[in-house]
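Every value quoted in this text rests on a predicted model; they were computed, and no experiment measured them. Residue numbers begin at 1 in each chain, while the letters A, B, ... track the order of the sequences.
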There are 2 protein chains.
Amino acid sequence: MTNAQPDNAARETDYLAVHEDVVKRVLDRQPADEYLYDLAELFKVFGDSTRIRILYALFESELCVGDLAGILALSPSAVSHQLKILKDAKLVRFRREGKIIFYSLDDDHVRTILSMGMEHVEE
Amino acid sequence: MTNAQPDNAARETDYLAVHEDVVKRVLDRQPADEYLYDLAELFKVFGDSTRIRILYALFESELCVGDLAGILALSPSAVSHQLKILKDAKLVRFRREGKIIFYSLDDDHVRTILSMGMEHVEE
DNA sequence: TGAACATTTTTACATCTGTTCATATGTTAT
DNA sequence: ATAACATATGAACAGATGTAAAAATGTTCA
């Protein structure tokens with residue numbers, strides 16, 4: 001949730017774009033705001049240590065809510081809440097076996113993103 | 001900021017780890033909490049649409065605060081705030097030319113992470 | 001030096017987010 | 001059907017976060 005302005009409020013007040021030509025060129029090449037927004041939403045999901053810990057745990061093995069609660073020392077409820085967010089973002093999937101539901105990473109994309117991030121952090 | 005508990009509060013209450021063996025194995029292989037925390041912090045930086053828009057603008061060209069303010073239709077102050085966060089996370093760097101400061105993406109790591117994310121979003 | 005400009009910083013505030021607690025849903029086995 | 005268990009959901013609260021507004025810092029040039 002970012003801007004909401006009467007269009008060229010920018011120029012009028014104190015937003016002085018120093019390089020008009022560059023600004024226009026960059027604006028032309030920007031991806032649709034919708035994509036950028038979705039992208040931010042995706043990273044937002046990765047941007048929480050509980051969820052990251054869940055994802056890394058699932059890196060090793062499929063796990064049920066109880067397992068994750070044990071691993072993270074969190075309540076099953078808290079885990080379930082975060083799993084819902086991860087499910088909605090299509091970062092994890094699940095399969096049911098009796099009353100137990102096993103969660104796992106959704107695809108290799110997730111692994112790649114995590115690895116890229118870790119590389120940057122390790123520098 | 002996640003856990004802070006008298007160690008095995010987990011087992012005592014209602015955290016029933018269904019698969020003890022799996023839990024132990026996963027716990028052994030988890031990266032240090034410190035890394036996971038830093039990783040979450042990194043993604044948190046990507047997880048805001050204003051910052052994503054800044055990064056994508058910088059994808060095209062180095063830009064000064066005024067340019068970015070024009071492109072995003074935000075105040076220079078707001079832009080500067082977000083740039084500070086991006087600087088601290090080492091996602092952008094800058095060079096000064098007179099009174100103007102030009103910002104640019106810090107390295108190709110950043111581009112890669114953005115691209116990976118976009119791929120996932122485009123599915 | 002002092003005026004003009006580019007950027008940064010501080011404070012304040014409204015919104016968003018994660019966890020807890022209580023309750024509900026769904027599954028299995030008796 | 002009922003008890004026991006695994007997971008999910010809803011409401012509420014505390015802490016984190018982004019933006020606006022105002023003031024400060026730093027740089028150039030006359």
note: A:Phe43, atom CZ; D:dG18, atom P; distance rounded to Å ~ 16 Å
query: Parallel, tilted or perpendicular: which describes the rings of A:His109 and B:His120, with under 30° parallel and over 60° perpendicular?
result: perpendicular
To the nearest 10 degrees, the angle between the two end axes of the helix from C:dT1-D:dA30 to C:dT30-D:dA1 (five pairs per end) comes to 30°
Can you tell me if B:Ser80 touches the phosphate of C:dT7, counting only side-chain N or O atoms and a distance under 4.0 Å to OP1 or OP2? no
Taken to the nearest whole Å, CZ/A:Arg95 to C1'/D:dT7 is 16 Å
Of the listed D:dA6, C:dG18, D:dT17, the closest approach to the A:Gln82 side chain comes from C:dG18
What verdict does the side-chain contact (heavy atoms from CB on, under 4.5 Å) test give for B:Leu68 and B:Leu83, after you've listed the backbone C-alpha separation in whole Å, the side-chain angles of each residue and the deciding distance to 0.1 Å?
CA-CA 10 Å; B:Leu68 284 166; B:Leu83 281 173; 4.1 Å; yes
Testing D:dA8, C:dG18, C:dT9 for proximity to the side chain of B:His81, the answer is C:dT9
Is there a donor-acceptor pair under 3.5 Å between the side chain of B:Arg51 and the backbone N or O of A:Ala40?
-> no
Rounded to whole Å, the NE2-C1' distance (B:His19 to D:dA6) equals 11 Å
Ring geometry between A:Phe43 and B:Phe43 (parallel below 30°, tilted from 30 to 60°, perpendicular above 60°): parallel
Looking only at D:dT17, D:dG18, C:dT19, the nucleotide nearest the A:Leu74 side chain is C:dT19
Between NZ of B:Lys44 and C1' of D:dG15 the distance, given in whole Å, is 11 Å
Here the distance between atom C1' of C:dT19 and atom CG of A:Asp48, to the nearest Å, is 10 Å
Review point. Quick check: does any side chain N or O of A:Arg96 sit under 3.5 Å from a backbone N or O of A:Gly98, one acting as donor and the other as acceptor?
Key: yes
- Find out whether B:Val110 and B:Phe46 are in side-chain contact, i.e. whether some heavy atom of one side chain is under 4.5 Å from a heavy atom of the other. yes
Atom CD1 of B:Ile85 and atom C1' of C:dT8 are separated, to the nearest Å, by 13 Å
The contact string for nucleotides 22-30 of chain C, one letter per nucleotide 5' to 3', using protein heavy atoms under 4.0 Å with B, S and - for base, sugar-phosphate only and none, comes out as B----BS--
Are B:Tyr35 and A:Glu122 side-chain neighbours, meaning at least one heavy-atom pair lies under 4.5 Å?
yes
Whole-Å distance, B:Leu86 CG to D:dT17 C1', equals 14 Å
From CZ of A:Phe46 across to C1' of C:dT17 the rounded distance in Å is 18 Å
Practice item. Quick one: label B:Tyr103 by what it contacts on the DNA or RNA (base, sugar-phosphate, nothing), any heavy atom closer than 4.0 Å. Key: sugar-phosphate
**Prompt:** So, is A:Arg51 close to the C:dT17 phosphate, meaning a side-chain N or O under 4.0 Å from OP1 or OP2?
**Reply:** no
Could you tell me if the side chain of A:Ile85 sits less than 4.5 Å from the side chain of A:Gln82, heavy atoms only?
yes
_Derivation of the salt bridge (Lys or Arg N to Asp or Glu O under 4.0 Å) call for A:Lys84 and A:Asp88_ = CA-CA 6 Å; A:Lys84 172 166 176 34; A:Asp88 291 350; 3.1 Å; yes
